[in-house]
There are 2 protein chains.
Amino acid sequence: MSKSKIKDTTKISNAVIKRLPRYRRYLKELKKKGVDKISSNELSSLIGYTASQIRQDLNNFGGFGQQGYGYNVDGLYNEISAILGLDREYKMVIVGAGNLGQALANYTHYYRAGFVVKALFDVNPRLVGLRINDIDVLDSEGLVEYVEDNEIDLGIICTTKDNAQEIADKLCFAGVKGIWNFAQVDLEVPNHVALENVHLSDSLYTLAYKVSGNAAQNGGAGFEE
Amino acid sequence: MSKSKIKDTTKISNAVIKRLPRYRRYLKELKKKGVDKISSNELSSLIGYTASQIRQDLNNFGGFGQQGYGYNVDGLYNEISAILGLDREYKMVIVGAGNLGQALANYTHYYRAGFVVKALFDVNPRLVGLRINDIDVLDSEGLVEYVEDNEIDLGIICTTKDNAQEIADKLCFAGVKGIWNFAQVDLEVPNHVALENVHLSDSLYTLAYKVSGNAAQNGGAGFEE
DNA sequence: GCGATTTTGTGCGTTTTTTAACGATACTTA
DNA sequence: TAAGTATCGTTAAAAAACGCACAAAATCGC
């Protein structure tokens, strides 16, 4: 994959990156429908970004299109997948086997994209020993050792906010490369560890804002962010 | 609440709104610690935004501070809560009583902020009739009627992406004011209905990107988005 | 094979967002 | 009470993101 003319991808803005999964989602849909090629204009009317922005986004990584033709759906899908790093496998652990942790463990959607949950961890003795979706719930005591021994790539934090930083510290110490944080707190991690937050409450509050009448009405076709 | 000098709040950018819940989170923490006042500079070193940005964000809504003093923690917390629309109650239904729907139903965190789950809905006969966290799981057949009769404000969509648009249509028809969407699809809703998406896969993919080595390393104190 | 057409890649102007600077104002202390 | 200091609100500058326009290049039809 990704034999593209190498560009300097170290300065890509966050805004661009956040749009990539969306491109990929629509391309996947097009693939499923058997569409072979697509132009930036057609993509634009599907996704809602301007054609110009789409072309510019993609050109940050390489010239994937052909003048007079457009983009090859399958090829572009693969390129974006590779850019996102979805052409490899990630081993993950989930810390916190409560409702959310269990839901994520059962969420088989991302398995197909190479994200494999190897174990759940919890401090609660009533949860330790359970099997969720064929995944063992282990005692948090053994977290660091497990992550080290099994070369875990990513840690998912589903604990309360009071425990989250301590867990993050352990995960970083044990060598994870990234943390997916669902706890309602902003974690501090070393620079070499990636961090992605999902603050559900924050998201709900912005919905409340939009509903509450303080906000302007949604202008266009119903897309946002 | 919110007796503030009225400003034109209809043109506030999304970026500002997304920061408000975070301000609120830190102010809550300060309140708990018994801190009375805080300056934009102190807030800056806590949150990681520049002091200038903090002042400008807050001034979009009104002058909540006092020169030479700073901001009153309790007062500012209340103002931001009011701006976000958290000074009232929201009645919600969750559609899709799978793992994620159940997790959200059990997620009592947001109850305190006025978000009350009135019912879950599912098409699966094996789930209908259950009670999750004292909330009934009802048959999706009755969704529209229930939402109308109980004046539901918000609908939470936790179904597969194939059913999501249909559910959204029903919710909108039945009169919800906002939709919190967890399905992996971009929904179309009327302009008067607010939409907030939580695309978990998208979030995970951006984490993969950061980890995969294509991305630049996290520069500063460990905050992002 | 050639001309008309499509559509990309990209330079450039515009808008939006962020950061910096500073005057005005209120607090604090002697 | 008055001088000194802290800090906001706001204006101006800088940076980033976005959209437009067009030349270059490849396709498609005849």
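In what follows, chains carry the letters A, B, and so on, assigned in the order in which the sequence lines appear, proteins first and then strands, with residues in each chain numbered from 1.
Closest to the side chain of A:Q56, from the set C:dT19, D:dC8, D:dC18, is D:dC18. Nearest nucleotide to the side chain of A:A15, out of D:dT10, D:dC18, C:dT19: D:dC18. Each of D:dC18, C:dT8, C:dT19 was ranked by its minimum atom distance to the side chain of A:S40; first place goes to C:dT8.
Atom NZ of B:K28 has 12 or fewer neighbouring heavy atoms from other residues, nucleotides or ligands inside a 6.0 Å radius. Environment of CD in A:E151: sparse, with no more than 12 heavy atoms of neighbouring residues, nucleotides or ligands closer than 6.0 Å.
Nucleic acid contact class of A:T50 (heavy atoms, under 4.0 Å, all strands): sugar-phosphate only.
Under 4.0 angstrom from either OP1 or OP2 of D:dT7 there lies no side-chain N or O belonging to B:N41. One finds no side-chain N or O of B:R19 lying less than 4.0 angstrom from the OP1 or OP2 phosphate oxygen of C:dT17. Using a 4.0 Å cut-off, some side-chain N or O of A:S13 falls inside it from OP1 or OP2 of D:dA17. When the side-chain nitrogen and oxygen atoms of B:Y49 are compared with OP1 and OP2 of C:dT17, none of them lie within a distance under 4.0 Å.
The distance from atom NZ of B:K11 to atom P of C:dT17 is 12 Å, rounded to the nearest whole Å. Whole-Å rounding puts the A:L76 CG to C:dT8 C1' distance at 13 Å. Atoms CZ (B:F64) and P (D:dT10) sit 12 Å apart, rounded to a whole Å. Taking atom CD1 of B:I54 as the reference point, atom P of D:dG9 lies 12 Å away to the nearest angstrom. In this structure, the CD1 atom of A:I12 is 13 Å from the P atom of D:dC18, given to the nearest Å. Between the CG atom of A:N14 and the P atom of C:dT17 there is a distance of 16 Å, given to the nearest Å.
Of all non-hydrogen atoms in B:S81 and B:R24, the two that sit nearest each other are OG-NE, 2.9 Å.
One N or O donor and one acceptor, one from the side chain of B:S52 and one from the base of C:dA20, sit under 3.5 Å apart.
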Residues A:R88, A:D153; criterion salt bridge (Lys or Arg N to Asp or Glu O under 4.0 Å); working and verdict: CA-CA 11 Å; A:R88 49 159 295 205; A:D153 300 295; 3.4 Å; yes

Salt bridge (Lys or Arg N to Asp or Glu O under 4.0 Å) between A:E29 and A:R25, intermediate numbers included: CA-CA 6 Å; A:E29 212 62 39; A:R25 201 145 30 85; over 6 Å; no

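Judged by distance alone, with hydrogens and angles left aside, the side-chain atoms of B:E42 form a donor-acceptor pair with the main-chain N or O of B:S39 at under 3.5 Å. For B:Y23 (side chain) and B:L43 (main-chain N/O), no donor-acceptor pair under 3.5 Å exists by modelled atom type.
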Summary of protein contacts for nucleotides 22-30 of chain C, nucleotide by nucleotide, where a base hit scores B, a sugar-phosphate-only hit scores S (4.0 Å, heavy atoms): --BBBS---

